[in-house]
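Contents: one structure, followed by commentary.
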Amino acid sequence: MKEQLRQIWSQTTKAITEKVLDDWVRQAEQSKITQLQKMAVTVKTYKKGILAWYDCHLSTGKVEGINNKIKVMKRNAYGFRDEKYFTLRLYALHDCRITRNVGWTFFSLQLTTNWLAKDALLRSN
């Protein structure tokens, strides 16, 4: 059953994929395995979204990755001086050395430089 479910992603058209998906759901529902029956309900619930990928090949993978990095940073943020510093760290997260192909490098560098300059000015007064 696992290999059959994997075949869904190798189909070339939406119509064929829908047929393969419906066949898998039917087999899973007829099985005596509770976990497969629950998975069949989940797949039926998200069938429209799964098939929408064939209309527009978009993935949220990069966004999910960035969100995960932000969550990790929030967990490690205990002890940051203030919210401005955390915001700067968020902008720096998109530095090309950390996350490739996101394109925030110049923007984060400029913000960091401006903030450091203001911080140095405040400390000198």
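Separating the CG atom in L36 from the CE atom in M39 is a distance of 8.5 Å, to the nearest 0.5 Å. Rounded to the nearest 0.5 Å, atoms CH2 (W53) and OG1 (T17) are 8.5 Å apart. From I8, atom CD1 reaches atom CD1 of I16 across 13.0 Å, with rounding to the nearest 0.5 Å. One distance of note links CD1 of I66 with CD of E64; it measures 10.0 Å at 0.5 Å rounding.
The pair R26-D22 fails the salt-bridge criterion, with no side-chain N (NZ, NE, NH1 or NH2) lying under 4.0 Å from an Asp/Glu carboxylate O.
Using a distance-only test at 3.5 Å, with no hydrogens or angles considered, a donor-acceptor pair links the side chain of T42 to the main chain of K38. Without hydrogens or angle criteria, Q37 side chain to S31 main chain gives a donor-acceptor distance under 3.5 Å.
The side-chain heavy atoms of W24 and E29, taken from C-beta on, include no pair separated by under 4.5 Å. W9 has its side chain within reach of I50: a pair of non-hydrogen atoms, C-beta onward, lies under 4.5 Å apart.
Counting non-hydrogen atoms of other residues, nucleotides and ligands closer than 6.0 Å to NZ of K14 gives a total above 12.
No continuous path of hydrophobic side-chain contacts links V20 to Y54 [ILVMFWY only; heavy atoms under 4.5 Å].
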Worksheet item: Given K47 and E18, is the side-chain contact (heavy atoms from CB on, under 4.5 Å) satisfied, shown in steps?
Response: CA-CA 8 Å; K47 178 181 171 183; E18 187 170 13; 3.4 Å; yes
